[in-house]
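These notes are about the structure you will find just below.
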Amino acid sequence: MANAHQKNHDYHIIDPSPWPLLSSIGAFVLALGGIVYMRYLAGGSLKLFGLEMANPWIMIIGLAITLYSMFGWWSDTIKEGNEGHHTRVVSLHLRYGMIMFIASEVMFFVAWFWAFFDASLFPGEAIQATRVEHTGGVWPPKGIEVLDPWHLPLYNTVILLLSGTCVTWAHHAILHNDRKGLISGLTLTVLLGMLFSFVQIYEYVHAPFAFKDSIYGATFFMATGFHGFHVFVGTVFLLVCLLRAINGAFTPKQHFGLEAAAWYWHFVDVVWLFLFFAVYIWGGWGAPIAHG
């Protein structure tokens, strides 16, 4: 019995943790808060047990719980790695988990590309009577001025490609125990990610069409907007890695957090290339380009 709890395998049996339950609660409150917040924006009312639920505070509370759970859960994961629990088997499974997560993100974007191509390839579909009414049977729809793909979109393409080069530099630097190169590469990647977001916000503000104008605007903003959100998430991911690197984290043999961030960032780069060629160039081909 004395050896009943002796570890004779490469797996990590974790201690009881509050984070799965707390994360589930946070996600539920956040989703519920988002729904009632839409009702709040529409000027509606929703009372439960005499309390007004249509307000933004429920969503804010859900977001706070979710962020706290993320911070606590990932802090424990980092601690476990530093304590030597991340054996070769555990590290391999962490990589499998990240690969599956990115695969799920790929399918997420497939839905938005599917919506865009369905509308653009079949703008005059006879079954879709309302679609013909709003597109005029052509793509881009009649009356739509599109963004010049060789202006801000091309600028952002160069920015993301450069950022992908910088994060690869950071990854190779840690493999060679070059901490200065690691910090420099991550710093440039974070700055380029922030620059991309600023350029996209500027593009959205000056876009000649709106989300509600047509199916073109709806599919455009959903696809590029969710990509922009992923850029924001990736930038935060890399910023955390940068702060950890400055504090002495990561070694040539143990740097999965950085590797996962690099994978995620390359995924963001690839999605943008598809968006640039499919939505900006091919999707706007032949339409008048908005200037100014």
Side-chain angles (χ1 to χ4, degrees), residues 19-20 23-24 26-28 30-31 34-35 59 62-63 65-67 69-71 73-74 77-78 90-120 153 156-157 159-168 170-171 186 189-190 192-197 199-201 203-204 211 218-242 244 255-283:
W19 305 124
S23 297
S24 300
F28 174 77
L30 178 59
I35 294 171
M59 185 180 69
L63 179 62
I65 296 173
T66 302
L67 292 177
S69 301
M70 292 165 63
F71 177 82
W73 201 338
W74 288 335
T77 303
I78 293 171
V90 175
S91 297
L92 178 63
H93 291 172
L94 288 173
R95 285 168 171 78
Y96 282 160
M98 191 64 193
I99 290 171
M100 293 176 68
F101 170 69
I102 292 177
S104 71
E105 292 285 85
V106 170
M107 298 311 297
F108 176 83
F109 276 100
V110 164
W112 303 120
F113 277 105
W114 188 297
F116 180 82
F117 282 116
D118 179 65
S120 58
N156 260 350
T157 301
I159 290 174
L160 273 190
L161 291 177
L162 285 175
S163 69
T165 303
C166 291
V167 76
T168 302
H171 186 204
L186 284 175
T189 307
V190 170
L192 288 169
M194 294 172 62
L195 180 59
F196 177 94
S197 297
V199 172
Q200 189 168 45
I201 291 172
E203 178 185 86
Y204 279 8
F211 184 94
T219 54
F220 174 89
F221 282 111
M222 290 301 290
T224 61
F226 270 116
H227 175 268
F229 174 74
H230 282 72
V231 169
F232 171 76
V233 172
T235 303
V236 174
F237 198 171
L238 290 164
L239 178 60
V240 172
C241 289
L242 173 60
R244 290 184 62 199
H255 55 269
F256 171 70
L258 172 64
E259 193 172 354
W263 289 0
Y264 187 85
W265 197 250
H266 289 312
F267 157 73
V268 170
D269 285 352
V270 172
V271 171
W272 175 257
L273 290 177
F274 276 99
L275 286 171
F276 177 65
F277 287 106
V279 176
Y280 285 96
I281 298 179
W282 179 83

Test side chain to side chain donor-acceptor pair (under 3.5 Å) applied to T189 and W265, step by step
CA-CA 9 Å; T189 307; W265 197 250; 5.8 Å; no
Rounded to the nearest 0.5 Å, how far does [atom2] of [Y] lie from [atom1] of [X]?
{"X": "F237", "Y": "F232", "atom1": "CZ", "atom2": "CZ", "value": "14.0 Å"}
{"X": "L161", "Y": "D269", "atom1": "CG", "atom2": "CG", "value": "6.5 Å"}
{"X": "T219", "Y": "F211", "atom1": "OG1", "atom2": "CZ", "value": "9.0 Å"}
{"X": "L195", "Y": "N156", "atom1": "CG", "atom2": "CG", "value": "7.0 Å"}
{"X": "T235", "Y": "H230", "atom1": "OG1", "atom2": "NE2", "value": "12.5 Å"}
{"X": "L94", "Y": "F256", "atom1": "CG", "atom2": "CZ", "value": "5.0 Å"}

For atom [atom1] of [X], decide whether the heavy atoms of other residues, nucleotides or ligands shown that lie under 6.0 angstrom number more than 12.
{"X": "F109", "atom1": "CZ", "answer": "yes"}
{"X": "W74", "atom1": "CH2", "answer": "no"}
{"X": "M222", "atom1": "CE", "answer": "yes"}

Verify, without hydrogens or angle tests, whether [X] (side chain) and [Y] (backbone) share a donor-acceptor contact under 3.5 angstrom.
{"X": "H171", "Y": "E259", "result": "no"}
{"X": "Y204", "Y": "G225", "result": "yes"}
{"X": "E105", "Y": "V268", "result": "no"}
{"X": "S23", "Y": "S69", "result": "no"}

I would like to know whether H227 and F267 meet ring pair (Phe, Tyr, Trp, His ring centres under 6.0 Å); could you show each step before the answer?
CA-CA 10 Å; H227 175 268; F267 157 73; 8.4 Å; no
Shortest non-hydrogen separation from [X] to [Y] and the atoms involved:
{"X": "W263", "Y": "I99", "result": "CZ3-CG1, 3.8 Å"}
{"X": "S197", "Y": "V231", "result": "OG-CG1, 3.8 Å"}
{"X": "A261", "Y": "L238", "result": "CB-CD2, 3.7 Å"}
{"X": "T66", "Y": "A27", "result": "OG1-N, 3.7 Å"}

Would you list the atom pairs, donor with acceptor, under 3.5 Å between side chains in residues 274-281 and any protein atom, with sequence neighbours excluded?
| unit_1 | atom_1 | unit_2 | atom_2 | d |
| --- | --- | --- | --- | --- |
| Y280 | OH | E203 | OE1 | 2.7 |

Min side-chain heavy-atom separation L30-I65 under 4.5 Å
no
Could you please spell out the steps behind the side chain to side chain contact (heavy atoms under 4.5 Å, CB included) verdict for M59 and I35?
CA-CA 9 Å; M59 185 180 69; I35 294 171; over 6 Å; no
From the list F229, F113, W114, F226, ring-ring contact (aromatic ring centres under 6.0 Å, His included) with F108 holds only for F226
Looking just at side-chain N and O atoms, do T157 and W272 make a donor-acceptor pair shorter than 3.5 Å?
yes
L258 vs R244, side chain to side chain contact (heavy atoms under 4.5 Å, CB included): CA-CA, chis, key distance, verdict
CA-CA 9 Å; L258 172 64; R244 290 184 62 199; over 6 Å; no
